[in-house]
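Hydrogens, waters and symmetry mates are skipped; everything else that's a heavy atom, side chains included, is used. Everything numeric here is computed off the predicted structure, so don't read it as measured data. Just so you know, ligand 1 is whichever comes first in the structure, and atom 1 is the first atom listed for that ligand.
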Amino acid sequence: MKLFRPFNVVVDFETGDLTPGKKITRYLSDIQHFFLDKEKVKAVLAKENPLVYEVIYAEVPEEAGHLAHCTTIIYPGKVGNEFFFTKGHLHEKLETAEIYFTLKGQGRLIMASPDGEECEVLEMFPGSASYIPPCWSHRSVNVGGEPLIFYCIFFADAGHDYATIDKTGFPKVVLERNGEVVVENNPNWKKA
Ligand SMILES: O=P(O)(O)OC[C@H]1O[C@H](O)[C@H](O)[C@@H](O)[C@@H]1O
Ligand SMILES: [Fe+2]
């Protein structure tokens, strides 16, 4: 392996900014097909296309041995009673773990086994370090009124498999009911 030089990035715990970093942005139109209430999605998109989340990556080679890391900022919001979330994915290299360290806000981390038969939901809160074991798909959800900001570390050669989730969805959804955060079975979930 070529000798790679050590470097710092600086993470702003308040804003989630990571510098120097490379930002990607995802809008409601990018994840619209996952929401339960199709009519509400259409109504929102007819007026605006809100920014749902941003990911800022430290620039590291996507090679075995390296650790990729990034911050994710999910903005507060809902479509109907369903909270904003990330697309969610499996890793292409399925047997690779990941850690999410929450810096700010309140969230839920939905994880499922590859066939979706097993599902776990963890709370995310400032100071929580959530372990995503190898093989679990993962999606995070902002259940609060401020941005949910977390720092992630994963294998740089893990890759993102979005195609599987596009087909199956996640087995659980996170909704607001009577001011409470509730986790329910996803009626649209399909077994892989
Ligand atoms: O890739 P998504 O499912 O849209 O999730 C957004 C991001 O969440 C975390 O930050 C992961 O470490 C990133 O690799 C991922 O890109
Ligand atoms: Fe991941």
Side-chain angles (χ1 to χ4, degrees), residues 9 11-13 15-19 21-35 49-64 66-77 79 82-114 116 119-122 124 126 128-143 147-174 186 189 192:
V9 291
V11 175
D12 184 322
F13 285 25
T15 63
D17 204 17
L18 180 152
T19 39
K22 201 174 164 195
K23 186 185 282 189
I24 64 150
T25 47
R26 293 234 165 93
Y27 292 86
L28 180 60
S29 57
D30 300 317
I31 57 167
Q32 55 176 302
H33 53 293
F34 292 118
F35 284 94
N49 187 13
L51 176 62
V52 177
Y53 63 101
E54 297 177 299
V55 186
I56 310 169
Y57 290 96
E59 293 207 63
V60 166
E62 291 176 9
E63 293 168 9
H66 282 279
L67 290 173
H69 53 127
C70 61
T71 51
T72 302
I73 304 141
I74 310 179
Y75 292 98
V79 173
E82 191 172 12
F83 293 104
F84 278 5
F85 48 72
T86 59
K87 237 177 182 183
H89 58 268
L90 288 154
H91 292 156
E92 272 166 24
K93 270 202 171 172
L94 190 61
E95 293 181 11
T96 57
E98 180 159 2
I99 289 175
Y100 284 1
F101 183 67
T102 302
L103 304 174
K104 192 176 177 181
Q106 301 292 325
R108 296 289 184 278
L109 174 54
I110 310 173
M111 287 170 281
S113 58
C119 185
E120 299 242 2
V121 180
L122 290 180
M124 299 173 77
S128 65
S130 307
Y131 186 62
I132 302 162
C135 304
W136 289 72
S137 59
H138 37 289
R139 163 179 287 166
S140 24
V141 186
N142 183 350
V143 299
L148 172 67
I149 301 174
F150 52 99
Y151 173 70
C152 319
I153 308 173
F154 55 102
F155 291 96
D157 61 338
H160 293 80
D161 165 12
Y162 294 110
T164 305
I165 300 301
D166 272 336
K167 275 185 253 150
T168 64
F170 276 80
K172 302 276 183 189
V173 291
V174 185
N186 179 3
W189 172 72

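- Residues Asn142 and Ile74 come closest through the heavy atom pair ND2-O, 2.9 Å.
- Taking the ring axis of Phe34 as reference, the NZ or CZ atom of Arg139 stays within 45° of it and closer than 6.0 Å to the ring centre.
- Heavy-atom distances between Arg139 and ligand 1 stay at or above 4.0 Å for every pair.
- Regarding atom 1 (O) of ligand 1, its nearest protein heavy-atom neighbour is Tyr162 OH, 2.5 Å.
- If you number the atoms of ligand 1 from 1 as listed, the ones under 4.0 Å from a heavy atom of Val55 come out as 6 (C), 7 (C).
- With hydrogens and angles disregarded, no donor-acceptor distance shorter than 3.5 Å links the side chain of His66 to the backbone of Ala156.
- In terms of protein heavy-atom proximity, atom 11 (C) of ligand 1 is nearest to Glu98 OE2, 3.3 Å.
- The Fe ion (ligand 2) has His89 NE2, His91 NE2, Glu98 OE1, His138 NE2 as protein N, O or S atoms under 2.8 Å away.
- The contact set between ligand 1 and Arg26, taken as ligand atoms under 4.0 Å from a residue heavy atom, comprises 1 (O), 2 (P), 4 (O).
- Within ligand 1, the atoms closer than 4.0 Å to a non-hydrogen atom of Lys87 are 3 (O), 4 (O), numbered from 1 in the order shown.
- Rounded to the nearest 0.5 Å, atoms CD1 (Ile110) and NZ (Lys172) are 9.5 Å apart.
- Near Tyr53, with a cut-off below 4.0 Å to any heavy atom, the atoms of ligand 1 are 2 (P), 4 (O), 6 (C).
- Distance check: Lys23 NZ to Thr71 OG1 gives 8.5 Å after rounding to the nearest 0.5 Å.
- Across the listed options Thr86, Ile99, Thr72, Thr72 owns the non-hydrogen atom lying nearest to atom 8 (O) of ligand 1.
- When non-hydrogen atoms are compared, ligand 1 lies under 4.0 Å from the side chain of His160 (C-beta onward) but not from its backbone.
- Using cut-offs of 30° and 60° for the angle between ring planes, the Phe150 and Tyr100 rings count as tilted.
- Side chain to side chain, His138 and His89 meet the donor-acceptor criterion of an N or O pair below 3.5 Å.
- Distance check, rounded to the nearest 0.5 Å: CG of Leu90 to OG1 of Thr168 gives 7.5 Å.
- At a threshold of 4.5 Å between non-hydrogen side-chain atoms, the residues Glu54 and Tyr75 count as touching.
- Residues forming a salt bridge (charged side-chain N to carboxylate O under 4.0 Å, His left out) with Lys87 (at least two apart in sequence, or on another chain): none.
- One option in Phe154, Tyr151, Phe85, Tyr57 has a heavy atom closer to atom 15 (C) of ligand 1 than any other, and that option is Tyr57.
- Ligand 1 has a nitrogen or oxygen under 3.5 angstrom from a nitrogen or oxygen of Gly88.
- The six-membered or imidazole ring of Phe13 lies away from that of Tyr151, with a centre-to-centre distance of 6.0 Å or more.
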